[in-house]
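Here the structure is laid out as structure tokens; the discussion comes afterwards.
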There are 2 protein chains.
Amino acid sequence: MTKTAMPGFSPCNNATLRRAARKLGRFYDDVISPSGLKGTQYGLLYQIYVSNEPAMGTIAEAMVMDLSALGHTLKPLIRDGFVEAFADKDDRRVKRVRLTRQGLAKLEEATKLWSIAQQRFETMVGTQRAADLRAMLDEVAALDYGPPEAALPD
Amino acid sequence: MTKTAMPGFSPCNNATLRRAARKLGRFYDDVISPSGLKGTQYGLLYQIYVSNEPAMGTIAEAMVMDLSALGHTLKPLIRDGFVEAFADKDDRRVKRVRLTRQGLAKLEEATKLWSIAQQRFETMVGTQRAADLRAMLDEVAALDYGPPEAALPD
DNA sequence: CCCTGAAAGTGGCATATGCCACTAATTAGA
DNA sequence: TCTAATTAGTGGCATATGCCACTTTCAGGG
């Protein structure tokens with residue numbers, strides 16, 4: 001087996017994770033594309049859908065995403081009328097978001113496609129192994145890479 | 001435990017993978033940042049380093065990355081003098097790349113930082129579990145999501 | 001040797017993500 | 001109550017990634 005025939009096989013956990021993310025992302029994107037949404041956008045609409053008119057910070061936290069990055073990612077979805085934002089009534093600093101009627105319709109349309117991708121993937125790696133993988137990834141996403149220095153209790 | 005205290009827990013393999021990639025990416029980025037490189041750039045320099053004056057297409061394949069995306073990502077590294085490109089002598093369509101003296105020095109500098117991140121991560125999740133995770137991710141990156149339609153043999 | 005089709009990159013355009021510097025709105029204090 | 005510190009977002013800037021339309025080279029078939 002020539003080394004050029006296989007992936008990079010770097011021992012770096014980060015590089016390996018990104019490599020897999022690129023590949024899987026393209027797969028989901030391809031399958032979901034007929035809806036006009038990217039995989040990431042589908043995930044964002046879904047997160048908003050399952051939340052209760054969440055504040056931006058809440059979504060960012062749930063998605064383990066930078067708040068400003070979320071704001072950027074949200075723009076095209078708002079521009080296309082799938083999501084609408086409004087100020088919180090008790091704290092005007094807080095901006096909440098919700099799906100529009102179109103957004104909900106688009107989410108439902110995309111969910112059918114997502115199911116195909118999801119199922120195809122799970123058929124290939126096995127439902128149980130996929131669940132194990134997600135569990136491991138959830139753990140990674142929840143890790144607390146303690147503060148670089150200081151910030152110790154008391 | 002309030003639900004806002006944990007990640008989104010989406011059943012979507014793609015969303016879960018991206019979520020973990022964002023978190024881990026930031027961790028490695030933070031630790032490697034003193035070198036001035038991002039985690040992705042470190043990975044790219046490393047890949048070039050372990051290859052033999054690879055053609056762009058070869059790197060793209062090894063990293064399971066789009067060729068044009070690789071070209072874009074390579075620009076800042078060439079601009080900063082860490083990588084240099086040159087045409088293949090037998091096929092002028094092919095562009096090969098290699099690390100410059102500075103690039104090699106920067107890679108060595110960054111590798112020390114990378115080791116810290118790598119070790120901190122593995123201490124948290126366990127060396128064996130990290131290896132298992134990478135194996136699973138390498139498998140995902142190597143999957144063949146057969147052609148959408150047609151393209152069947154004969 | 002000329003023409004056609006495949007192969008390798010480039011550039012433009014759009015989304016994905018982060019960090020940093022700021023602004024606006026709240027809350028904690030004196 | 002007026003001010004300092006904190007919290008939630010925004011905008012700008014830079015990298016990360018992809019897709020598509022081209023341009024340049026090669027490899028073949030006549």
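These figures come from a predicted structure and were not determined experimentally. Heavy atoms only: backbone and side chains are in, while hydrogens, waters and symmetry mates are out. So you know, we letter chains A, B, ... as the sequences are listed, proteins then strands, and number each from 1.
Atom pair Asp90(A):CG and dT7(D):P shows a separation of 18 Å (rounding to whole Å applied). Across the protein-nucleic acid pair, Glu61(B) atom CD and dA8(C) atom C1' stand 13 Å apart, rounded to whole Å. The nearest whole Å value for the distance from the OH atom in Tyr42(B) to the C1' atom in dT15(D) is 19 Å. Separating the CD1 atom of Ile59(A) from the C1' atom of dA8(D) is a distance of 13 Å, rounded to the nearest angstrom. With rounding to whole Å, Leu37(B) atom CG is found 17 Å from dA14(D) atom P. One atom, CG of Leu77(B), and another, P of dA14(D), lie 16 Å apart when rounded to the nearest Å. In this structure, Leu45(B) atom CG and dT15(D) atom P are separated by 14 Å, rounded to whole Å.
Salt bridge annotation for Asp138(B)-Arg19(A): present, with a cationic side-chain nitrogen under 4.0 angstrom from a carboxylate oxygen. Salt bridge annotation for Arg96(B)-Glu84(B): absent, with no cationic side-chain nitrogen under 4.0 angstrom from a carboxylate oxygen. One finds a salt bridge joining Arg129(A) and Glu139(B) here, because a Lys/Arg side-chain nitrogen approaches an Asp/Glu carboxylate oxygen to under 4.0 Å.
Nucleic acid contact class of Arg96(B) (heavy atoms, under 4.0 Å, all strands): none. Residue Gly57(A) is classed as a sugar-phosphate contact, given heavy-atom separations below 4.0 Å to backbone atoms only.
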Mind listing the N/O atom pairs, protein and nucleotides 16-19 of chain C, below 3.5 Å?
from	atom 1	to	atom 2	distance (Å)
dA16(C)	OP1	Thr40(A)	OG1	2.3
dA16(C)	O3'	Arg18(B)	NH2	3.2
dT17(C)	OP1	Arg18(B)	NE	2.9
dT17(C)	OP1	Arg18(B)	NH2	3.0
dT17(C)	OP1	Arg22(B)	NH1	3.1
dG18(C)	OP2	Asp66(A)	N	3.0
dG18(C)	O6	His72(A)	NE2	3.1
dC19(C)	OP2	Asp66(A)	OD1	3.2
dC19(C)	N4	Ser68(A)	OG	2.4

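No hydrogens or angles were tested; on distance alone, a donor-acceptor pair under 3.5 Å links the side chain of Arg93(A) to the base of dT7(D).
Taking for each of Lys75(A) and Asp91(A) the nucleotide of DNA chain D with the nearest heavy atom, the 5'-most of the two is the partner of Asp91(A).
In the displayed structure, Arg101(B) atom CZ is contacted under 6.0 Å by at most 12 heavy atoms of other residues, nucleotides or ligands. More than 12 heavy atoms of other residues, nucleotides or ligands sit less than 6.0 Å from atom CZ of Phe86(B).
A heavy-atom distance below 4.5 Å is found between the side chains of Tyr42(A) and Thr111(A).
To the nearest 0.5 angstrom, Gln118(B) atom CD is 9.5 Å from Ile32(B) atom CD1.
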